[in-house]
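Here the structure is laid out as structure tokens; the discussion comes afterwards.
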Amino acid sequence: MSFDHRKYRPFHAPQRPQRRWPDRVITHAPDYCAVDLRDGNQALVKPMSVEQKTRLFTLLCQLGFKEIEVGFPAASQPDFDFVRELIEQDLVPSDVTIQVLTQAREELIRRTFEAVKGARRANMHLYNSTSIVQRRDVFGLDRAGIKAIAVQGATWVKECAVAQPETVWEFQYSPESFTGTELDYAIEVVDAVNAVWQPENGQPVVINLPATVEMSTPNVYADMIEHMCEHMAQREHFRVSVHTHNDRGCGVAAAELAVLAGADRVEGTLLGNGERTGNMDLVTFAMNLYSQGIDPRLDLSGIREIIETVEYCTEIATHPRQAYAGELVFTAFSGSHQDAIRKCLVKQHADPSKAWDVAYLPIDPRDLGRRYEEVIRINSQSGKGGVLHVLERDLGITLPRWLQIDFSRVVQTHAEQQGGEILPASIHALFESTYVEAPEAWRLGEYDVRKTEEGVRTQVTLGDGTRFSGFGRGMVAALADALSTSLGVGIAVEAFDEMALDAGSDARAMACLRVAVTRAGARPPDNAEHSVGVAFAEDTASAVLKALLAATAHVVGDAPRDIAGHQPVALGVAP
């Protein structure tokens, strides 16, 4: 791409040396208007059917939206029919205001009023373009000509509303392409419209100032909104709304700064569907408030249902990295991230009353109906923290550090060979096959452990009937002695940990051992084979014995009696 500085001009707004919005903070949620069914719908390759619109409208009501733009009924018969269905089937909750859009043309305004006839509450949203480029190149009109269109449209709206007194009316005006309009002229047009509607006399009015095309950085848009709020006549008698788009990728930021600058209301769509790069994402806006401890006044706890409904109605897939909603937004593959998350979650769960403060997780995924199972997922980039988290979460076991390191290497090797993500079930199976499983012949049968003044004497019978006996300073040493003597190998225990997995009298035990096994004729330690065994049992003694047998079997293999060259009779020498 070759750059020509003459092709594009920087956007400059009037200087505001006394701007106040940078010193403000948002303390409460603004009013919302969801425009999925109008602005979102008109941006689709395949517009929604009445059934899809009805399903999406129902969801918006369930989420808590009180203002919903339901269509442009004068622009298409499907939009008209949908609005009629909402009213005739009494599908609009009593506390919800439906909003309909119309251009400032008499036939379109009258057709729009036909569409909403009989509604309890309705917002008649009037618009016309006011920008320099639209005046010059689209309409060929000067300032006075464009203002006259707006004033005449406002007059028709007021007249039609008087003819339908059964509806509680709110009027809304948008100087479309506001961000490309001179501010003094935008004020002039808005004031002229309000002079017709007279909000100071009690008529509910919304003045919507849209970034129809996002043309500047969010701070410039905020300056424009603050300037309008300070200079529009009768400002205290109407609500100021903003409608941002995402052409520069800053739709949410622009809306947030606009609220700081004085806006009372925001328009947007669920997950940001809309013209070009999309509308402002209402989910992101609301969850940003939520993450700062501000009640968003929307119930977004069922994020999966929101995603499923929006995808069904728009036939657009949600990006896995979509803020708050994407499949992977709470997922860590990085080993250092996983380790930090695991440690923070342990402390968070130990004191649920404290404020949420978990590394790499700006909010608790459960607040959106997400599961902790989705937080840490394993691939070749993951480390021991992530692997340990999966075992703790799914199996309720915590590994000693030396085994964490060993198993993370096993998992990483497997991930590198396989490629992609390793699912938790595969991690469980890999743990079992690497450390726990042993041939049936090595299964622990009856055993006898006796302490004497000299040490510990043990006798063990295995699954194939083979019996070992040995002596040592402790139970592990005694069994290692029995195996070493009977099998003709050297067994040295390098690491040993045992722990209870549960509390109370029914607690299970886990034992983890790492051994160095030296075959007959080999010189330790250079020729030793290292092996790890893990075992679970109802008591510690059984777990320890099973773990040592598993570790030995992983190196020696085959049936014990075949290796020793004996039949299943009392093998080993009892000291």
Side-chain angles (χ1 to χ4, degrees), residues 30-40 42 65-72 97-104 109 112 122-131 134 146-147 149-151 153-154 157-158 169-181 183 185-197 199 203-215 218 221-222 224-246 251-252 254-259 261-269 274-275 279-280 282 285:
D31 297 334
Y32 302 101
C33 180
V35 298
D36 301 73
L37 296 167
R38 195 277 301 172
D39 203 346
Q42 73 185 40
F65 287 97
K66 303 304 180 185
E67 301 176 58
I68 303 172
E69 191 165 78
V70 293
F72 195 157
T97 299
I98 58 172
Q99 178 172 303
V100 284
L101 182 71
T102 180
Q103 291 174 313
I109 292 172
T112 305
N123 177 310
M124 186 61 60
H125 183 185
L126 176 75
Y127 81 96
N128 69 304
S129 293
T130 58
S131 68
Q134 296 257 32
I146 292 296
K147 182 173 76 171
I149 292 174
V151 170
V157 165
K158 185 175 182 179
W169 294 105
E170 181 173 51
F171 301 154
Q172 177 167 327
Y173 175 69
S174 290
E176 198 221 350
S177 59
F178 161 74
T179 46
T181 304
L183 291 183
Y185 180 59
I187 293 168
E188 181 182 335
V189 175
V190 167
D191 286 351
V193 168
N194 274 334
V196 175
W197 286 343
Q203 170 61 53
V205 170
V206 174
I207 297 299
N208 188 50
L209 302 173
T212 308
V213 176
E214 187 175 35
M215 302 172 65
Y221 184 61
M224 298 176 73
I225 299 301
E226 187 170 74
H227 183 87
M228 294 291 291
C229 288
E230 290 176 351
H231 292 88
M232 289 184 292
Q234 307 295 332
R235 168 65 184 95
E236 67 274 20
H237 298 296
F238 59 86
R239 291 188 294 164
V240 171
S241 176
V242 293
H243 178 116
T244 59
H245 279 262
N246 211 39
V252 171
E256 290 178 327
L257 297 192
V259 170
D264 309 296
R265 179 181 185 262
V266 296
E267 294 189 346
T269 62
E275 300 281 7
N279 283 52
M280 191 273 289
L282 288 167
F285 185 98

Could you grab the distance from atom CG of L183 to atom CD1 of I225, nearest 0.5 Å is fine?
-> 9.0 Å
Would you check if M228 and I187 make a side-chain contact, meaning some heavy-atom pair closer than 4.5 Å?
-> yes
Do F171 and V193 come within less than 4.5 Å of each other through their side chains, counting heavy atoms only?
-> no
Can you tell if the side chain of N194 reaches within under 4.5 Å of the side chain of Q234, non-hydrogen atoms only?
-> no
Whether T179 side chain and A211 backbone form a donor-acceptor pair below 3.5 Å | no
Using a strict 4.0 Å threshold on nitrogen-to-oxygen distance, state whether R38 and E267 make a salt bridge.
-> no
Where A254 and Y221 come nearest, the two heavy atoms and their spacing = O-CD2, 3.7 Å
With no hydrogens and no angle check, is any side-chain donor or acceptor of T130 less than 3.5 Å from a backbone partner on I146?
-> no
Please report the shortest heavy-atom distance between A233 and F238, naming the atom on each side.
-> O-CE2, 3.3 Å
E275 side chain reached by D39 side chain, heavy atoms, under 4.5 Å = yes
Are S174 and H243 side-chain neighbours, meaning at least one heavy-atom pair lies under 4.5 Å?
-> no
Taking the side chain as every heavy atom from C-beta outward, state whether E214 and T244 have any pair of such atoms under 4.5 Å apart.
-> no
One should read off an interatomic distance between W169 CH2 and N123 CG, to the nearest 0.5 angstrom, of 9.5 Å
K158 and Q203: side-chain contact (heavy atoms from CB on, under 4.5 Å), yes or no, with the steps?
-> CA-CA 10 Å; K158 185 175 182 179; Q203 170 61 53; over 6 Å; no
With S241 as reference, evaluate L209, D31, N208, D264 under the side-chain contact (heavy atoms from CB on, under 4.5 Å) test and give the passing residue.
-> N208
Does G268 offer a backbone N or O that forms a donor-acceptor pair with the side chain of Y32 under 3.5 Å?
-> no
Interatomic distance, CE@M232 vs NE2@H237, rounded to 0.5 Å, equals 13.0 Å
Are V157 and W197 close enough that some pair of their side-chain heavy atoms sits under 4.5 Å apart?
-> yes
List the steps and the verdict of side-chain contact (heavy atoms from CB on, under 4.5 Å) for E67 and Q172.
-> CA-CA 12 Å; E67 301 176 58; Q172 177 167 327; 5.6 Å; no
Nearest heavy-atom approach of E69 to L37 is O-CB, 3.5 Å
Separation of M224 CE from L257 CG (nearest 0.5 Å) = 14.0 Å
For Q134 and N128, run side-chain contact (heavy atoms from CB on, under 4.5 Å): C-alpha distance rounded to whole Å, both residues' side-chain angles, the deciding distance at 0.1 Å, then the answer.
-> CA-CA 10 Å; Q134 296 257 32; N128 69 304; over 6 Å; no
If you look at every heavy atom in E176 and T181, which pair is closest and at what distance?
-> O-OG1, 4.5 Å
Non-hydrogen atoms of P210 and F178 that approach each other most closely | O-CB, 3.2 Å
Between V70 and V100, is any pair of side-chain heavy atoms under 4.5 Å apart?
-> yes
Measuring from H231:NE2 to E226:CD, what's the distance to the nearest 0.5 Å?
-> 10.0 Å
Mind checking the NE2-CD spacing from H125 to Q103? Nearest 0.5 Å is all I need.
-> 11.5 Å
What is the minimum heavy-atom distance between A222 and A258, and which atoms define it?
-> CB-N, 4.4 Å
How far apart are the C-alpha atoms of Q99 and V206, what are their side-chain angles, what is the distance that settles it, and do they pass the side-chain contact (heavy atoms from CB on, under 4.5 Å) test?
-> CA-CA 11 Å; Q99 178 172 303; V206 174; over 6 Å; no
